Amino acid sequence: MENQKILQAGKIAQEVKKYIKPFVKKGVPLLEIAEKIENKIIELKGKPAFPTNLSINEIAAHFTPSYNDETLANGLLKVDFGVQIDGWISDTAFSVDLENSSENKKLIEASEKALEEAEKTIKKGITIGEIGEAIQKEIESFGFSPIINLSGHQIEQYNLHSGLSIPNIDNKQNNEIKSGLYAIEPFATNGSGKVKDGKPSGIYSLIEYKNIRNPSAREILEYIAEEYKELPFCSRWLVKKFGTKALPALNQLEQNGNLHQYAQLVEVNKGIVAQTENTILIKENGEKIVTTRESNF
């Protein structure tokens with residue numbers, strides 16, 4: 001694995017987190033927050049690994065602003081972004097309470113503490129069920145539920161969700177952690193602890209590079225394959241590059257089976273959701289480095 005590039009991506013992610021936190025205030029357009037994050041990643045010589053997710057309250061994940069979005073930051077806002085260098089990724093997320101709500105603050109603390117426990121627990125040879133158990137115990141100790149059908153994930157080059165999933169509950173699975181790269185992301189909720197598909201997100205990934213007749217759609221498909229490979233991207237990025245003709249082209253590519261569009265993920269009982277995430281590199285010798293946070297275990 002290209003450890004140097006992973007660590008460099010992590011360093012950029014740390015800097016972007018520090019840079020963006022003062023901007024995340026109630027009433028700021030989500031579009032402005034997303035563009036500041038993505039522009040800063042590029043300025044620091046990285047590339048966004050996927051579109052910035054800015055999911056509010058019961059939306060757990062997969063909300064990114066569209067090119068003309070007017071949504072303003074409010075509620076419990078989850079800020080989830082990743083940095084890639086030559087396809088090597090560091091993925092991170094934090095949550096912010098924009099309502100001065102003690103319940104929101106407690107939810108955020110539950111997800112942060114669960115991540116700390118998971119970071120202490122993960123090592124070569126430990127099972128994914130044991131990591132899930134550490135997360136579940138911590139979140140439940142706050143009186144909340146972990147989200148059972150969202151999980152962390154192993155990461156490989158240009159592949160954000162590869163290999164093992166890292167559960168947020170003790171799923172009793174005994175697959176062992178080996179050397180590699182893992183994103184751990186506890187989701188805590190005051191709802192029932194499950195998400196379902198909501199509205200389309202405008203976030204896509206390439207699933208098959210096959211011919212499409214429409215010349216405009218073909219041009220956009222070629223750009224997607226070259227620029228993003230199999231990493232997620234969004235309609236907003238393509239409107240920036242090609243103008244609004246990108247929108248019907250994306251529809252055609254989705255209908256033609258070239259692209260998969262992700263759904264927003266919504267807590268089934270409209271419970272509020274907090275998320276915290278770091279990426280951890282486990283080296284061959286067993287050393288672990290939390291790439292997206294300066295202090296390491």
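In this chain, numbering begins with 1 at the start of the sequence shown. Note that the coordinates shown come from a computational prediction; the quantities given were computed from them, not determined experimentally.
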Any donor-acceptor pair under 3.5 Å linking the side-chain atoms of H260 with those of E254?
no
Are S179 and K124 close enough that a side-chain donor and a side-chain acceptor fall under 3.5 Å?
no
List the atom of A188, the atom of A110, and the distance in Å for their closest heavy-atom pair.
CB-CB, 4.1 Å
Measure the shortest side-chain to side-chain distance between L76 and E99 over non-hydrogen atoms and say whether it is less than 4.5 angstrom.
no
Taking the side chain as every heavy atom from C-beta outward, state whether E119 and I280 have any atom pair closer than 4.5 Å.
yes
Considering residues at least two apart in sequence or located in another chain, which fulfil the side-chain hydrogen bond (donor to acceptor under 3.5 Å, both in side chains) criterion with [X]?
| X | result |
| --- | --- |
| T127 | E130 |
| K245 | E219 |
| E38 | T52, R236, W237 |

Below 4.0 angstrom, N of the basic side chain to O of the carboxylate: do E109 and K106 qualify?
no
Carboxylate-amine/guanidinium contact E185 K78, below 4.0 Å:
no
Between Y223 and F242 (judged by ring centroids, cut-off 6.0 Å), do the two rings come close enough to count as a pair?
yes
Does K123, at its NZ atom, have more than 12 non-hydrogen atoms belonging to other residues, nucleotides or ligands within less than 6.0 Å?
no
Between F142 and F144, what is the ring plane arrangement, given parallel below 30°, perpendicular above 60°, and tilted in between?
parallel
Using 30° and 60° as the class limits, which term best fits the ring planes of F233 and Y204: parallel, tilted or perpendicular?
parallel
Shared ILVMFWY cluster between [X] and [Y], side chains joined below 4.5 angstrom?
| X | Y | result |
| --- | --- | --- |
| L250 | I207 | no |
| L206 | I203 | no |
| I33 | I42 | no |
| L98 | I108 | no |

Salt bridge (charged side-chain N to carboxylate O under 4.0 Å, His left out) pairs touching residues 136-160, sequence neighbours excluded, are E133-K137
Residue pairs, two or more places apart or on separate chains, that pass ring pair (Phe, Tyr, Trp, His ring centres under 6.0 Å) and touch residues 70-105
none
Is there any side-chain hydrogen bond (donor to acceptor under 3.5 Å, both in side chains) pair reaching into residues 263-274, and which pairs are they, with sequence neighbours excluded?
S192-E267
